[in-house]
Amino acid sequence: MTSTASKGSRSTVGWWPWVLMAVVVVALLAVGSLGGDPPTLEERAQNLEESIRCPSCASQSVANSDAPSAEAVRVLIAERLEAGDSNEEIRDYVASRYPNGRQLLLDPTGEGFGALVWALPVVAVIVAVAALVRRFGDWRPGELQATEEDRDLVAAALARRGEAGADGGNGPDGGSGPYGAPSVDAAGGDES
Amino acid sequence: MNAALGTAGVILALVGSLGAIATLAVGLRGRRTELMRMSRTYSWMVMGGATLAVVAMERALITRDFSLEFVANNGSHATPAIYNFATMWSALEGSILLWGFILAGFTLAVAIKFRKRLDDPLVAWAMLVMFVVCLFFFGLMLGPANPFRVIANPPLDGPGPNPLLQNHVLMAFHPPMLYLGYVGFTVPFAFAIAALATGRLGEGWLIETRRWTLIAWAFLSVGIVLGAWWSHEVLGWGGYWAWDPVENASFLPWLTGTAYLHSVMVQERRGMLRVWNLSLLCATFALTILGTFLTRSGVIDSVHAFSDSTIGPLLLGFFGLIVLVTVGLVGWRGDRLRSPARIDSPASREGAFLLNNIVFAGFAFVVLLGTVFPLISEALTAERVTVGEPYFDRMTMPIGMVLLFLMAVAPVLPWRKASLETLRTRLLWPGWIGTGALAVAVLVGARGFAPLLAFFLAGFAGGSALRQLALATRRQGWRGLVGRTNGGMIVHIGVLLIAVGLAASSSFEVERDARMCVEAAPGCPSTITVSGHEITFLGSTSDITAARRQVGARISIDGQVHEPAIQQFVNGTQQIGKPSVKNTPINSVMLTLTDLPAADGSVAVKVIVQPLVVWLWTGGAVIGIGSIMAAFPGRRRIPTAPVSAPAPIEGPPDGDGPGGGGPGGGSPEGDGPGPAPLSDPDVPDSSSAEPASVGS
């Protein structure tokens, strides 16, 4: 990794390889995600079984349980799929067949209090991003032009180091010796 | 005898902790260094007590001393030696004992590592905090979680540990690893509190605890992966992660710990994000306690809630205390925590770390919310909802994608500010590597937008990590593989292996149920083919030992014989499946018997074929190796290197300020004796507040 000081010392690339890459990626993603068959009844059954809790288990889904109660739910799902119900209809139907049946649904539906579990994270993300934008709203990209003085300092430092730029890529390792400043810290502390 | 020894050990540790707290408090108050130095003796005392207690417990388990309630409830003559040894952490009281033992070990390790500086107030405060945590846990062992309770009429034999905990050898390693991670976070937490208490809020304490944090994080990561591996090998439904509350409890501190490991670099480099880092560290520690509360108090249903107990309120109280103390201290020291520096551009290393932190914090929020939401809902609306896998899968998938993208871009970003030109150049090859990964996936027939995007991003991120490693090794030889940045890139590769394994195994799983006979009959084949694997039923087996009965089937997968079985332990009514897995780097074939062999000799078999499952476990190993490489000292940066953080403007480094310690405070770059360090006129000195703050 080149340090900022030696910027421009290597050739840079333009946009065209990126345009080519974008085209290839989009084409591959399109080929890979379009043109698939609609889910078969078995796949739908599998998905539904994963989203419904086994009635006699603590936290396992119907799909992951071999308990008789899970088998009963599997039979219910298979019947309703044959009858041509949609996924949501089947989930509602299963829930209606058990006391407190809504507890069997592993992802709460977006109604009532349960909707909060979906909404709160979204709100949190919006608040966090808004706070950040506010906090760093005064980004002034143009302000960071290095002055001649800065360049002189860098040149002087590089000259002192002898092997200029040899360490740039390992930047964050600074001070990775066992102690950065123990003696200073200790001295400072005792001073009081 | 065992009970007496064990109780004596716990009391010794408790008295040692109390003595240390009193001595350190007096020593810190009166600035009496000879008292502060005594913490080393006390930590030997606590360690001695904890060791005595553990030895007594293991002795009781091995000699089957059923006069101890714990052994009577969890031990048995029939349990094989290794599971008998591991029985200590198969139930609440023993696992608290393990916690205390590891905590005593960490306390002693800190005392030894900092033996020359025990009279430094920062270290003394940290030791004090460690001993307070010790006091809490050894207190639990004398109170509600007493592992050495004696019963009047000892039974002749016990039930043995939960059957699920004694049929795989990983159970001997997964919990101790996890606890080493959990407890390890006590050390950086103690130093964070010490920094707040002494007011020495510079970067010194961060640098000193960096490796401790890294080691704790590595143990936690490996512990989590081992747990996933265990559940894949044992539970037999082809899963490894079910977003169960206990899994979430281990994942939450991992998330905040990971965020901290990244953001700490911004503070070391630029002196920013001080409050945030303190909060993350304290949150990590608090979450380990909250997780223990959630899973040990029985408030949440979990497959891991092996025992109920009354320690819930105490753990919750301790959690509340941690949060209150942290918030109070941060509020009190708020003025000193303000950072003089600011972020120059979002397109910079620090900008990427900041975004990484927001994403990780969001991730932790989603996991925490989903875990406790049933409780909240029940408390507020009296309606108990279930929040399960589908919720977590749907919410965390986009977060994972963003993290993969950040892992691709962030490693090539320079500090301060990047130009588009730089990014375009540096990211080109990583981008093509990602494209190549995507092309390979499409060619071998992978379909679906989400997994394909994951493969592309993982390849992209892998390219960025390899680029860093390639450049570093070209420059520095083997040293290009060690140090924080380079070791970190190896960890990234481990995480990417896991990401690819997750995407592939969850998206392209093939499952088939079949009834099989030795002699093929209509509706009962002897050989089936699943995803190109030939599976042949060869015959039934049975095996009876003192601890369990086992009936199984000999089934060959592509010519290699496996023996899935069903076990019935003498201490349980439940039948436990013992699946058999054939692992290859490409895919894993899991065989599970879904029912006992029928009278006619046929068996009901479930076959699950999942691609790239082995990548998950390999990724865990790579994370462990990468962490070791990252802890290994890398090449030291020269203090005056041009990319250093701003150094003090005023005064020479060995200056004459009121603090005497000068500006060094902690900024690793600042205290070099070299000639006039570079200063940046734009950014005030990050450590200039230090001398004034010392010891006030």
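Chain naming here is simple, since letters A, B, ... match the order of the sequence lines and numbering starts at 1 in each. Being a predicted model, the structure only gives us computed values, none of them experimental.
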For A/Leu28 and B/Val442 the tightest heavy-atom approach is O-CG2, 3.8 Å
Close side-chain approach of A/Glu50 and B/Glu389, heavy atoms under 4.5 Å:
no
Answer with side chain, backbone, both or neither: which region of A/Val117 has an atom nearer than 4.5 Å to a non-hydrogen atom of chain B?
both
Could you look at A/Leu105 and say if it's the side chain, the backbone, both or neither that has a heavy atom under 4.5 Å from chain B?
backbone
Go through B/Val385, B/Val366, B/Leu420, B/Leu427 and name the one with the most non-hydrogen pairs under 4.5 angstrom from chain A.
B/Leu427
Starting from the C-alpha separation in whole Å, work towards a yes-or-no answer on side chain to side chain contact (heavy atoms under 4.5 Å, CB included) for B/Phe365 and A/Val125.
CA-CA 10 Å; B/Phe365 180 71; A/Val125 166; over 6 Å; no
Atom OH of B/Tyr391 and atom CG of A/Leu106: how far apart are they, to the nearest 0.5 Å?
13.5 Å
For the residue pair A/Ser51 and B/Pro390, what are the closest heavy atoms and their distance?
CA-CG, 3.7 Å
Is chain A contacted by the side chain of B/Thr381, its backbone, both, or neither, given a heavy-atom distance below 4.5 Å?
side chain
What parts of residues 17-25 of chain A touch chain B if we use heavy atoms and a cut-off under 4.5 Å?
A/Pro17, A/Trp18, A/Leu20, A/Met21, A/Val24, A/Val25
Using a 6.0 Å cut-off, check whether atom CD of A/Glu42 has over 12 heavy atoms from anything other than its own residue.
no
So do A/Pro121 and B/Met395 actually touch side chain to side chain, heavy atoms under 4.5 Å?
yes
Output for pair (B/Glu421 CD, A/Trp15 CH2), nearest 0.5 Å, gives 10.5 Å
Contacting region of A/Glu149 [heavy-atom separation from chain B under 4.5 Å]:
neither
Under a 4.5 Å heavy-atom cut-off, does chain A meet the side chain of B/Ile358, its backbone, both or neither?
side chain
Partner set under ring-ring contact (aromatic ring centres under 6.0 Å, His included) for B/Phe455, not counting sequence neighbours
none
B/Leu206, part contacting chain A, at a heavy-atom distance under 4.5 Å:
neither
Residue part contacting chain A, namely of B/Leu380, when any heavy atom lies under 4.5 Å:
side chain
Answer key: most heavy-atom pairs under 4.5 Å with chain A among B/Leu355, B/Leu452, B/Val123 is B/Leu452
Output all residues satisfying ring-ring contact (aromatic ring centres under 6.0 Å, His included) with A/Phe113, sequence neighbours left out; order by chain, then residue number.
B/Phe373
Set of residues satisfying salt bridge (charged side-chain N to carboxylate O under 4.0 Å, His left out) with respect to A/Glu71, sequence neighbours excluded:
A/Arg74
Which one of B/Asp393, B/Val387, B/Leu443 has the most heavy-atom pairs closer than 4.5 Å to chain A?
B/Val387
